[in-house]
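Some notes on the structure that comes next.
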Amino acid sequence: MHKQSIAIDLDEVLNNLHEVWLDQYNNDFNDNLKSTDIHSWEICNYIKPEARNHMFDYLLKPNFFLNLKCQPHSQEVTKWLSQYFDLYIVTAYQYQVCRDKAEWVSKHYPHIDIKNIIFCNNKGLIKTDYLIDDGGHNCEAFTGISLLFNSSHNQYLKDKYKRVNNWLDIKEYFEEVINH
């Protein structure tokens with residue numbers, strides 16, 4: 001029997017990127033920016049002007065991605081999903097961090113085959129049945145069914161996509177898919 005497939009975004013969907021990223025920014029630039037203060041995809045609109053040329057450098061530091069935590073319940077829910085669906089991790093490509101991202105996925109999600117990590121900056125090219133992502137632009141480009149992982153930076157989309165608040169919501173959604 002053919003399994004349906006799910007593409008899952010890595011940053012802020014499987015990991016806690018913003019928590020670590022903003023901690024480093026706040027420490028270096030004496031700020032107190034929180035994820036809940038960010039209301040669009042353009043993070044540079046919310047940081048101090050003098051930090052704009054440095055903000056993305058944090059993400060390129062060796063081992064940055066190795067220190068991230070998993071989103072609550074993501075490990076057990078993806079393990080459960082892997083029984084019913086082919087799972088793919090789809091994450092932004094920056095050649096400096098591909099190895100670290102792959103190592104992080106391998107460590108925290110050993111039930112997802114390392115060959116199923118796709119580095120891609122245009123998720124419209126991904127042809128899975130479902131996409132779970134926090135970026136509205138990624139959901140817009142995707143041609144399958146998009147689940148928008150809830151975040152303060154995507155509230156402007158309101159109910160344009162099926163919104164999931166956490167990994168338990170994702171499990172509940174896919175339980176219904178499986179049972180129908």
Side-chain angles (χ1 to χ4, degrees), residues 5-29 31 33 35 38 40-71 74-75 77-79 81-82 85-144 146-149 151-154 157 161 167 170:
S5 55
I6 304 171
I8 305 168
D9 180 35
L10 181 64
D11 300 324
E12 280 298 288
V13 174
L14 287 174
N15 68 32
N16 70 329
L17 173 71
H18 279 176
E19 182 181 325
V20 176
W21 193 15
L22 293 179
D23 280 350
Q24 290 187 11
Y25 158 76
N26 286 331
N27 287 335
D28 291 351
F29 290 92
D31 203 351
L33 184 65
S35 275
I38 302 168
S40 74
W41 189 256
E42 301 302 324
I43 196 168
C44 286
N45 292 340
Y46 302 91
I47 62 174
K48 292 182 175 183
E50 61 269 26
R52 289 194 178 128
N53 291 335
H54 307 284
M55 194 63 184
F56 290 94
D57 293 344
Y58 295 114
L59 304 179
L60 303 178
K61 288 182 179 177
N63 302 322
F64 176 87
F65 284 89
L66 297 178
N67 297 313
L68 302 179
K69 294 178 187 163
C70 297
Q71 289 285 350
S74 60
Q75 291 167 300
V77 173
T78 55
K79 189 169 188 169
L81 283 169
S82 71
F85 298 89
D86 290 326
L87 302 183
Y88 297 87
I89 307 297
V90 183
T91 186
Y93 171 79
Q94 296 107 357
Y95 74 90
Q96 302 95 321
V97 299
C98 289
R99 181 183 207 118
D100 286 352
K101 285 184 171 188
E103 188 176 320
W104 187 88
V105 169
S106 183
K107 176 182 176 184
H108 295 285
Y109 300 89
H111 51 277
I112 299 175
D113 193 319
I114 195 83
K115 293 181 284 189
N116 288 8
I117 300 174
I118 301 168
F119 293 96
C120 180
N121 293 337
N122 177 357
K123 294 184 184 172
L125 298 172
I126 302 301
K127 302 300 178 202
T128 56
D129 298 292
Y130 298 91
L131 171 69
I132 304 168
D133 206 299
D134 65 316
H137 62 288
N138 292 324
C139 293
E140 183 75 33
F142 184 69
T143 58
S146 294
L147 301 179
L148 184 65
F149 199 84
S151 180
S152 60
H153 66 259
N154 63 33
L157 293 166
Y161 302 100
W167 278 93
I170 292 168

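Everything quoted here is computed from the prediction, not taken from an experiment.
- A cation-pi arrangement is not found for K48 relative to F29, the charged atom failing to lie both closer than 6.0 Å to the ring centre and inside a 45° cone about the ring normal.
- Taken to the nearest 0.5 Å, the CD atom of Q24 stands 8.5 Å off from the CG atom of N67.
- Counted within 6.0 Å of CG on N45, heavy atoms from surrounding residues, nucleotides or ligands total more than 12; the atom is thus considered enclosed.
- Between the side chain of D129 and the backbone N or O of S5 there is at least one donor-acceptor pair closer than 3.5 Å.
- Remark: the backbone N or O of L33 is paired with a side-chain donor or acceptor of N26 at under 3.5 angstrom.
- Within 6.0 Å of the CZ atom in R99, the count of heavy atoms belonging to other residues, nucleotides or ligands does not exceed 12.
- Remark: side-chain polar atoms of K101 are paired, donor with acceptor, to backbone N or O of A92 under 3.5 angstrom.
- Remark: the backbone N or O of C70 is not paired with any side-chain donor or acceptor of S74 at under 3.5 angstrom.
- Judged by distance alone, the side chains of D23 and N27 never bring a donor and an acceptor atom under 3.5 Å apart.
- N138 places no side-chain N or O within donor-acceptor distance of the main-chain N or O of D133, the cut-off being under 3.5 Å.
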inquiry  = Could you go through N15 and V20, starting from their C-alpha distance and side-chain angles, then the distance that decides it, and tell me whether this counts as side chain to side chain contact (heavy atoms under 4.5 Å, CB included)?
reply    = CA-CA 10 Å; N15 68 32; V20 176; over 6 Å; no

request  = Test D11 against T91 for side chain to side chain contact (heavy atoms under 4.5 Å, CB included), laying out the working first.
outcome  = CA-CA 7 Å; D11 300 324; T91 186; 3.7 Å; yes

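- When ring centroids are compared, F56 and W21 come within the 6.0 Å threshold.
- Between F149 and W167, the two ring planes are tilted [angle within 30° to 60°].
- In the model, S146 has no side-chain atom that pairs as donor or acceptor with a side-chain atom of Y130 under 3.5 Å.
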request  = Could you please spell out the steps behind the side chain to side chain contact (heavy atoms under 4.5 Å, CB included) verdict for I89 and I118?
outcome  = CA-CA 6 Å; I89 307 297; I118 301 168; over 6 Å; no

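- Between L17 and F65 there is a side-chain heavy-atom pair separated by less than 4.5 Å.
- The shortest side-chain heavy-atom distance between I38 and L22 falls under the 4.5 Å cut-off.
- For N154 and Y161, the side-chain atoms include no donor-acceptor pair closer than 3.5 Å.
- Around the NZ atom of K127, the shell of radius 6.0 Å holds more than 12 heavy atoms that belong to other residues, nucleotides or ligands.
- Between the side chains of S82 and Y109, not a single donor N or O lies within less than 3.5 Å of an accepting N or O.
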